[in-house]
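Side chains are part of it too, since the values below use all heavy atoms of this structure and drop only hydrogens, waters and symmetry mates.
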Amino acid sequence: MENAPTPAPPPSASEPPAATPPSAPAPVADATTPHGTQGPPPQPTTASPPNGVSSVSSLWSTVSSSARTVLTQVENGIRGLLSAADLRAFPADVSASDTAFLLGRQYPLDGANAAAFLADFARRPRLTYRNQFPPIAPTSYTSDSGWGCMIRVGQSLLLESLLRFKLGRDGETVASNPAYMEIVSMFRDDPAASYSIHAMATKGQELDTAIGQWFGPNIMAQTVKKLAAETTPALPVVVALDASVFVADIHATWKANPDRPLLLLVPLRLGIDVLHPTYWPFIQACLKSPYSVGIAGGRPSSALYIVGSVRESLLVLDPHFTQPALAATAEDVATCHTPTPRCLPLASVDPSLCLGFAFRTTEEWTAWLAWFNELKDRVKVPICVHDTFGGAHASAAGASGVEVLSDDSDMEEAEAVASSSASTTAAGP
């Protein structure tokens, strides 16, 4: 007996609904616009901020709390309208013939499984723009709205990894769970927190990214690696540059950190303006892996946390929603989650992204290798996995003239490199 269609979940009362626009051609990326350029351009980073920044900060400090709330609501409403061009609501006409994939889980969308899918989605972290936090020294920034979207996506991916390691895939993400609260507190908007916006923006300076500038996927990955190494206990993170995963590097990292979980980040560039269709099956397959902790990517000009797929769209968590600074208390920890899925058509995905895989044991890593070897026989795989002796399990060469890039120089250079098919220097979005 055929099940009745499952209605789309209602939007959260605290965020604007995603509009469902009529079908239209995928937007063309602005080749000169970096990833995350929604909002006004950032101010320069200086020990003594320009007078304009100081004046705005002083003016903002005189605005009443209620007025700030109204202004933030207006800002979020505008962002919601802007996002409607690409982000869609979860399909309202899903039925048992449809299947959603969420970080390695498969959900046929009949009544009971659809409810389980929504409950699972609501446990996935979504860290967003925040305001009213202590200034990010030495600047006057008290909000990352307009420039911190990739940082927030990186935080979300890292938080998902830590929750996976500590609580398991189905851990309770509620304020009554002390282990959960301890992990989330590492991401509060406080200079003392290990993975705060302050820590990540400041660490980005070591990678030639000033506070207030947009991160690309590779800068985000390198920042996570540096911060994780400085946190107690340290989390081993391997960043696979040039689309190459070296088995020897993974083993060496585990030898130096015995009995510790490991996070593998793989920055890639799979196209010029948008994700090349050749790699759509690969991206969808990665999200079906039980070791996936999502993808830091998005659409041209705004980062999104990609956690699954349904039909020809990716399931995403959108950080472009400004909330008060996270204190990681029982009162505000629920703001790190949303019950409302958003969908991004594959045709609109930005080609710059970073894959995330988490392994609790060496046995899980071995299982991932077996999965990868099987995957490359079914779909076009844009990365190499090199064994200990220098052999490669798959070629990193792109298809149809598309180069796989992995660093973030400027976009113009990246397009020139891709068109000439002569480099592995990557460009951030």
Side-chain angles (χ1 to χ4, degrees), residues 33-65 67-76 78-79 126-156 158-159 185-216 219-220 222-224 226-227 230 296 298 301-303 318-328 332 335-336 408 428-429:
T33 303
H35 203 81
T37 57
Q38 206 168 22
Q43 300 293 334
T45 301
T46 58
S48 299
N51 292 333
V53 176
S54 300
S55 299
V56 171
S57 299
S58 298
L59 178 61
W60 183 253
S61 67
T62 65
V63 177
S64 67
S65 176
R68 292 185 189 187
T69 300
V70 171
L71 290 173
T72 298
Q73 289 173 344
V74 171
E75 177 189 5
N76 287 331
I78 293 172
R79 292 191 188 282
R126 181 196 66 162
L127 300 184
T128 71
Y129 287 156
R130 300 277 175 165
N131 59 20
Q132 304 174 44
F133 51 67
I136 304 176
T139 73
S140 297
Y141 285 115
T142 57
S143 173
D144 62 306
S145 180
W147 58 268
C149 57
M150 181 55 78
I151 294 178
R152 295 302 186 177
V153 167
Q155 286 181 319
S156 299
L158 179 57
L159 178 54
S185 69
M186 302 173 75
F187 295 84
R188 67 189 188 278
D189 296 306
D190 184 322
S194 299
Y195 300 119
S196 65
I197 184 71
H198 303 74
M200 295 196 72
T202 302
K203 186 61 64 176
Q205 292 182 111
E206 298 180 11
L207 301 165
D208 298 323
T209 304
I211 297 172
Q213 286 188 344
W214 304 281
F215 280 34
I219 293 296
M220 180 279 296
Q222 297 286 2
T223 299
V224 167
K226 285 177 173 288
L227 287 177
E230 298 172 359
S301 299
S302 57
D318 186 0
H320 301 92
F321 179 69
T322 305
Q323 305 184 85
L326 178 66
D332 73 352
T335 65
C336 295
D408 33 4

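- Annotation: salt bridge (Lys or Arg N to Asp or Glu O under 4.0 Å) contacts involving residues 131-143, sequence neighbours excluded, are absent.
- Residue Ile197 comes nearest to Ile151 through the heavy atom pair CD1-CG2, 3.5 Å, listed as atom of the first residue, atom of the second, then distance.
- The stretch residues 136-145 participates, sequence neighbours left out, in these salt bridge (Lys or Arg N to Asp or Glu O under 4.0 Å) pairs: Asp144-Arg152.
- How far CD of Gln323 is from SG of Cys336: 8.0 Å, rounded to the nearest 0.5 Å.
- Judged by distance alone, with hydrogens and angles left aside, the side-chain atoms of Trp214 form a donor-acceptor pair with the main-chain N or O of Gly146 at under 3.5 Å.
- Taking CZ of Phe321 as the reference point, atom OG1 of Thr128 lies at 7.0 Å (rounded to 0.5 Å).
- Under the side chain to side chain donor-acceptor pair (under 3.5 Å) criterion, Ser196 pairs with no residue, sequence neighbours left out.
- In terms of the side chain to side chain contact (heavy atoms under 4.5 Å, CB included) criterion, residue partners of Ala327 (sequence neighbours excluded) are, by chain and number, Thr329, Asp332.
- Listed by chain and residue number, Arg130 satisfy the side chain to side chain donor-acceptor pair (under 3.5 Å) test with Thr335 (two or more places apart in sequence, or in another chain).
- Legend: residues meeting salt bridge (charged side-chain N to carboxylate O under 4.0 Å, His left out) with Glu206, ordered by chain and number and at least two apart, are Lys203, Lys226.
- Using a 4.5 Å heavy-atom threshold, the side chains of Cys149 and Asp318 count as separate.
- Identified under the salt bridge (Lys or Arg N to Asp or Glu O under 4.0 Å) test for residues 131-142, with sequence neighbours left out: none.
- When every heavy atom of Ser185 is checked against every heavy atom of Ala193, the shortest pair comes out as O-CB, 3.8 Å.
- Atoms CZ and CG, on Arg126 and Leu159 in that order, are 13.0 Å from each other to the nearest 0.5 Å.
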Residues Thr142, Asn131; criterion side-chain contact (heavy atoms from CB on, under 4.5 Å); working and verdict: CA-CA 6 Å; Thr142 57; Asn131 59 20; over 6 Å; no
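- Using a 4.5 Å cut-off on side-chain heavy atoms (C-beta onward), Tyr129 and Pro319 make no contact.
- Tyr141 contributes atom OH, which lies 10.5 Å from atom CZ of Phe133 (distance to the nearest 0.5 angstrom).
- Shown here for Gln205 and Ala210, the closest heavy-atom pair between the two residues is CG-CA, 4.5 Å.
- A donor-acceptor distance shorter than 3.5 angstrom exists from the side chain of Gln155 to the backbone of Tyr195, with no hydrogens or angles considered.
- Here the OG1 atom belonging to Thr209 is positioned 12.5 Å from the CE atom belonging to Met220, to the nearest 0.5 angstrom.
- A distance of 11.5 Å separates CD1 of Ile136 from CE of Met200, quoted to the nearest 0.5 Å.
- Nearest heavy atom pair, residue Ser156 against residue Leu127, reads OG-N, 3.0 Å.
- With sequence neighbours left out, the side chain to side chain contact (heavy atoms under 4.5 Å, CB included) criterion links Pro134 to Pro191, His198.
- For the pair Leu326 and Asp189, the tightest heavy-atom approach, listed with the atom from each and the gap, is N-OD2, 2.7 Å.
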